[in-house]
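Written out below as structure tokens is the structure these notes cover.
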Amino acid sequence: MKKADILFIGAGRMAEAVVSGVVKTSRETFGTITMANRSNKEKLKHLQSTYGVQMTTDWLKAVQENDIIVFATPPQTHEELLRALSPHISGQLVVTVAAGIDPEFLEDRLPEKTPVCWIMPNTAAQIGMSMSTYTCGRSVESHHRPYIEALLNAIGPAEELTSEQVHNLTAVTGSAPAFIYYVEKALEEAAVKYGISEEQARRLVVQMMKGSVAMLEAGHSPDDLMEQVASPGGSTAEGLRVLDTYGVDRMFQQAVQAANEHARAQGEES
């Protein structure tokens, strides 16, 4: 398999996370890595010095010199960028990491038979721990897949799904980390009220969450684990009763639905 040259359009946190992972794990798969950013030249210089990548401010010219184009820009920028890109595409693999921008959206705006892929990572990509979902377009062939897999492996585990499933699970894997941080913050604030420092509260809550996740990873079901902790009539059961009273489970489900609907709407507005 020949090395592929890759161009990143956008140089924000997600682009940096993917590039950082690629540099660490996949240099045998990718050749030249080039990053383009419309306005923040200082960020490009930082990325160049940190990861040894090339930088450009003329991304359309760079398209012709690369095998893979990765869009790491907000959803609302894609319409304009794809319109500009289309005349310069001649078989390159086009990838996006933007919410709501599915393969059908890309294929409708690019030359026929352009191979495209939609990847939905999350913020843990910054430490190589993203749980990403992805889906490929109609023209992705077997020789494209090692490059897609290398991009994904650079930021963590991934699951290939249908386009509709990626839309519907955007909130569960992409947005839900923010929901978890919300819960973590609330528990920290509750702990601080009992006279410990914020630093102590952070250590207590983070370690509790790590241990809880480890129990799930060990194969225990959430119901079994709750039963282990919450003895009938005990203090934990009383806390769970409050959560049930306020319908916290339904609130999370509604949050997932709201995030999904907003992400889909962004793609449609684009």
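Below, each value reflects all heavy atoms present in this structure, side chains not excepted, and no hydrogens, waters or symmetry copies. Note that this is a predicted model, so its numbers are computed, not measured.
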With a cut-off of 6.0 Å (strictly less than), are more than 12 heavy atoms of other residues, nucleotides or ligands near CD of E28?
-> yes
Distance-only, no hydrogens or angles: does the Q92 side chain make a donor-acceptor pair with backbone N or O of S90 under 3.5 Å?
-> yes
Please check if any side-chain donor atom of E16 sits under 3.5 Å from a side-chain acceptor atom of Y51, or the reverse.
-> yes
Kindly indicate whether the side chain of L110, heavy atoms from C-beta on, has any atom under 4.5 Å from the side chain of V116.
-> yes
Might you confirm whether atom CE of M208 has over 12 heavy atoms from other residues, nucleotides or ligands at distances under 6.0 Å?
-> yes
Between C136 and I148, is any pair of side-chain heavy atoms under 4.5 Å apart?
-> yes
Does one hydrophobic cluster hold both L151 and L161, with members joined at side-chain heavy-atom distances below 4.5 Å?
-> no
Transitively linked via ILVMFWY side-chain contacts under 4.5 Å: L187 with V242?
-> yes
Distance (rounded to the nearest 0.5 Å) between K61 NZ and N66 CG = 12.5 Å
Can you see which heavy atom on P75 is nearest to which on A99, and at what distance?
-> CG-O, 3.3 Å
Above 12 or not: heavy atoms from other molecules or residues under 6.0 Å from CZ of R27?
-> yes
From R202 atom CZ to I196 atom CD1, the distance as rounded to the nearest 0.5 Å | 11.5 Å
Any T114 side-chain heavy atom under 4.5 Å of L106 side chain = no
Answer yes or no: is there a side-chain heavy-atom contact under 4.5 Å between M55 and H46?
-> no
Looking at side-chain heavy atoms only, is the closest gap between V18 and V70 below 4.5 Å?
-> no
Could you tell me whether E238 and R241 make a salt bridge, using a distance below 4.0 angstrom between a side-chain N and a carboxylate O?
-> yes
Counting N and O atoms only, with roles assigned by atom type, does the side chain of E159 sit under 3.5 Å from a partner on the main chain of Y134, one being a donor and the other an acceptor?
-> no
salt_bridge(E107, K113) N-O dist < 4.0 Å = no
Within a reach of under 6.0 Å around CD of Q165, are more than 12 heavy atoms found that belong to other residues, nucleotides or ligands?
-> yes
Atom CG in L7, atom CD in Q54: separation rounded to 0.5 Å?
-> 10.5 Å
F71 vs W59 aromatic rings, parallel, tilted or perpendicular, using cut-offs 30° and 60°?
-> perpendicular
Judged by atom type as modelled, is there a donor-acceptor pair below 3.5 Å linking the side chain of N37 to the main-chain atoms of G10?
-> no
Evaluate side chain to side chain contact (heavy atoms under 4.5 Å, CB included) for I69 paired with L93, printing each intermediate quantity in order.
-> CA-CA 6 Å; I69 316 300; L93 171 64; over 6 Å; no
Do side-chain atoms of T50 reach the backbone of L47 as a donor and acceptor pair under 3.5 angstrom?
-> no
Residues passing the side-chain hydrogen bond (donor to acceptor under 3.5 Å, both in side chains) test with E104, sequence neighbours excluded, are S163
Side-chain polar contacts of residues 223-235 - donor-acceptor pairs under 3.5 angstrom, sequence neighbours left out - could you list them?
from	atom 1	to	atom 2	distance (Å)
D224	OD2	S221	OG	3.2

Interatomic spacing from CE in M120 to OG1 in T135 - rounded to 0.5 Å | 12.5 Å
Answer yes or no: is there an ion pair linking R264 with E164, defined by an N-O contact shorter than 4.0 Å?
-> yes
Spell out, as yes or no, whether a donor-acceptor pair under 3.5 Å connects the side chain of K24 to the backbone of A154.
-> no
Provide the closest heavy-atom pair for N260 versus A171 in the form atom of the first, atom of the second, distance.
-> OD1-N, 3.0 Å
Can you name the nearest heavy-atom pair linking T29 to P146, along with the distance?
-> CG2-O, 4.4 Å
Flag, side chain of S86 to backbone of R83, donor-acceptor distance under 3.5 Å | no
L85 backbone acceptor or donor facing H88 side chain under 3.5 Å | no
Criterion side chain to side chain contact (heavy atoms under 4.5 Å, CB included) on I6 and V19, from CA distance to verdict = CA-CA 10 Å; I6 185 167; V19 167; over 6 Å; no
Under a 4.5 Å side-chain heavy-atom rule over Ile, Leu, Val, Met, Phe, Trp and Tyr, are M131 and V213 clustered together?
-> no
Criterion side chain to side chain contact (heavy atoms under 4.5 Å, CB included) on V256 and F179, from CA distance to verdict | CA-CA 9 Å; V256 165; F179 306 160; 4.3 Å; yes
Nearest atoms (heavy-atom pairs only) where P121 meets S132 | CA-OG, 3.4 Å
Under 3.5 Å, is there a donor-acceptor pair between the side chain of D5 and the main chain of D67?
-> no
Should the pair R250 and F252 be classed as cation-pi, given the thresholds of under 6.0 Å to the six-membered ring centre and 45° from the axis?
-> no
Only one of I119, T73, I155 passes side-chain contact (heavy atoms from CB on, under 4.5 Å) with V97, and that residue is I119
Is it the case that one hydrophobic cluster holds both V166 and I101, taking links as side-chain heavy atoms less than 4.5 Å apart, direct or via other members?
-> no
Go through N153 and T25 one step at a time and tell me if the side chain to side chain contact (heavy atoms under 4.5 Å, CB included) criterion holds.
-> CA-CA 8 Å; N153 291 338; T25 67; 5.6 Å; no
Just jot down the ring pair (Phe, Tyr, Trp, His ring centres under 6.0 Å) partners of H167, sequence neighbours excluded, or say none.
-> W118
Rounding to 0.5 Å, atoms CZ (F8) and OG1 (T34) come to a distance of 10.0 Å
So, Q257 versus Q253: side-chain donor-acceptor pair below 3.5 Å or not?
-> no
Measuring from L60:CG to L81:CG, what's the distance to the nearest 0.5 Å?
-> 8.5 Å
Under 3.5 Å, side chain of E189 to main-chain N/O of A186, donor-acceptor pair present?
-> no
Flag for Q126-T123: side-chain donor and acceptor within less than 3.5 Å | yes
Closest heavy-atom pair and its distance - A11, K43 | O-NZ, 2.8 Å
Whether R109 side chain and F105 backbone form a donor-acceptor pair below 3.5 Å = yes
Quick one: do Y181 and M209 end up in the same hydrophobic cluster if we chain Ile, Leu, Val, Met, Phe, Trp and Tyr together by side-chain heavy atoms under 4.5 Å apart?
-> no
